[in-house]
Amino acid sequence: MTDTADLLAEIAQLRALLAGSEARAARLDAHGLRKDERIQRLEKLVAAFRQALFGRRSEKSDPDQYDLALEDIEAAMATVHAEDEDDSAGYEVNGSAARRKARAANRGALPAHLPRIDEVIEPHGMICACGGDLHCIGEDVSERLDVIPAQFRVIVTHRPKYACRACTDGVVQAPAAPHLVPGGLPTEALVAHVLVSKYADHLPLYRQAQIYSRDGVDLDRSTLADWVGRAAFELRPVYEALLAALKRSTKLFMDETRAPVLDPGARKVRNGYFWALARDERPWSGTAPPGVAFTYAPGRGGQYAEQILAGFSGILQVDGYAGYNRLIAQEGSGARPHQNIQLAYCWAHARRKLVEITRTGAAPIAEEGVRRIGELYRIEVDIRSLSAEARLAARQQRSAPLVTGIHEWLVQNRARVSAKSPLGEALKYIARYWDGLRLFLTDGRIELDNNTVERTIRPIALNRKNALFAGHDTGAQNWAMIASLIETCKLNAVNPHTWLAATLGAIVKGHKQADIDSLLPWSHQRKV
């Protein structure tokens, strides 16, 4: 009987082990199926990521929409990875718990200026299993980035009153400090925050009011608008000094972009334009700091460019917009005879017209043109950040023969292609601006394209999407002015909020107009 009982017990144990193995196998099968599904999802996401990153896409696509697509794909991939880690936790592989695969992460060193809050995680007990005391022999240190959301606070200012008991000469009291909004609620730092949120982070004032209300601070949109208007009035001299400083340069970029403005009388939105004037000498190791100034104008005619550039002489790099031709027109045709302006044109625009043709089918002539222009860009990568003299020497040696070849290719194919075809129009465009396109061979300061100023215009386009339109011409002028100062801060690696708060504070305290240049963003950079 004992043998029978033992045998039955062993059979029961074997059945339990078998059941456990079958359950474990079922779980592993389900786990494998889920992993296969995730693999398929990841393969699709990787394909989409590669297409977005490396695939052919229209040169007219919005770079910010492209970034948003990548963000969504990367977030979806992270979701799948997290699901895989969670599903793998608890399963045993070869008798041990499955170890989570270390994920690639952005482990760059965190900025040293950020405050550190130390926390120490001690073991549950300081007594060893043998009864002895534990002693620290080292530690592992890790850092994580934390954030404290924007927090309102109230500055309470006390101004005591004093009087003399020995006489009746009156009461002594310190004068009230000057404020941007006399008798108003905001500090200059709060106004700076509103400006940066509106013109750098693209948050319209009504959205800012909604955000503030979540903290119990009820501010009407019109109140915020009043603060913006007062700040714009005080900042105008700084903006004018920025524009004047840029026009003292001898090499600038210029471009224009649409600025919708509400026309209440006509009950519709009409198009004004922001004209961007930019300087960036970093590619050729120049000494002048980078900057950009936007000017609002009600139209796109060349006369507005002429007005903005009054007093400027030098090289102006532009796209192929015909309005700029006014700047180099002969005397007596409306141009300013004292302005000595040379127009350098943009190879990126020339290339773009050829690229558009290659998208519609086989186009060997256009493809050859794209390849030839690409060779010029590869040379520019090699000589970036060299001096203007070194860049010019390299271009004379390496780029000039390529440009000669492009000209021969251009002349040969214009004779073969119908002038009214898309390819004929693209070749005609290159021929029309040929002298300005090849000007980079004569001056090392000239860039191959106009992308420098186009990059500064991108935030204007983002703000235009969120705000839809400016409510008035004056509002558009304020927009152009404050955007100029903020974008110049960014170009000089200056925190726009820090600069705006300090500058508004200095202005309300009576900063001297004669020393206005010391308030420009690049001067702030040198101070810090």
Side-chain angles (χ1 to χ4, degrees), residues 2 5-6 8-39 41-42 45-46 49 71 73-156 189 193 211 214-217 493-495 497-498 501 527-528:
T2 301
D6 292 341
L8 291 174
E10 289 179 5
I11 292 173
Q13 290 177 357
L14 289 173
R15 286 177 176 173
L17 289 173
L18 179 61
S21 299
E22 290 175 347
R24 188 178 300 106
R27 289 198 302 273
L28 288 173
D29 288 342
H31 177 60
L33 289 174
R34 289 194 295 273
K35 289 186 75 71
D36 290 341
E37 291 175 359
R38 285 194 291 274
I39 289 171
R41 286 159 57 193
L42 277 173
L45 287 169
V46 168
F49 184 85
E71 289 173 7
I73 293 172
E74 289 167 338
M77 293 174 72
T79 301
V80 177
H81 285 308
E83 182 182 342
D84 183 55
E85 290 176 0
D86 183 69
D87 192 41
S88 298
Y91 283 97
E92 291 186 356
V93 178
N94 295 328
S96 61
R99 301 183 63 183
R100 295 188 179 185
K101 182 181 178 181
R103 290 179 295 168
N106 183 10
R107 296 291 186 186
L110 296 175
H113 72 273
L114 295 180
R116 260 62 176 176
I117 307 298
D118 289 316
E119 61 176 16
V120 179
I121 303 176
E122 297 283 8
H124 290 299
M126 300 299 293
I127 304 298
C128 180
C130 70
D133 294 331
L134 296 177
H135 299 279
C136 182
I137 59 172
E139 63 179 0
D140 291 331
V141 180
S142 62
E143 292 187 342
R144 295 185 302 157
L145 188 62
D146 192 22
V147 63
I148 300 175
Q151 185 179 39
F152 288 102
R153 64 180 184 179
V154 178
I155 305 296
V156 181
H193 178 75
I211 293 171
R214 292 202 293 263
D215 284 326
V217 179
V494 171
N495 186 315
H497 178 270
T498 302
K527 291 176 184 176
V528 297

The test is side-chain contact (heavy atoms from CB on, under 4.5 Å); show your working for D118 and V120 and say whether it passes. CA-CA 7 Å; D118 289 316; V120 179; 5.6 Å; no
Show which side-chain atoms of residues 130-142 pair as donor or acceptor with protein atoms under 3.5 Å away, not counting sequence neighbours.
none

Could you tell me the separation between the NE2 atom of H113 and the CZ atom of R116, rounded to the nearest 0.5 Å? 9.0 Å
Atom of R144, atom of E119 and distance for their closest heavy-atom approach: NH2-OE2, 4.2 Å
Could you report the tightest heavy-atom contact between A189 and A501, atom names first, then the distance? CA-CB, 3.9 Å
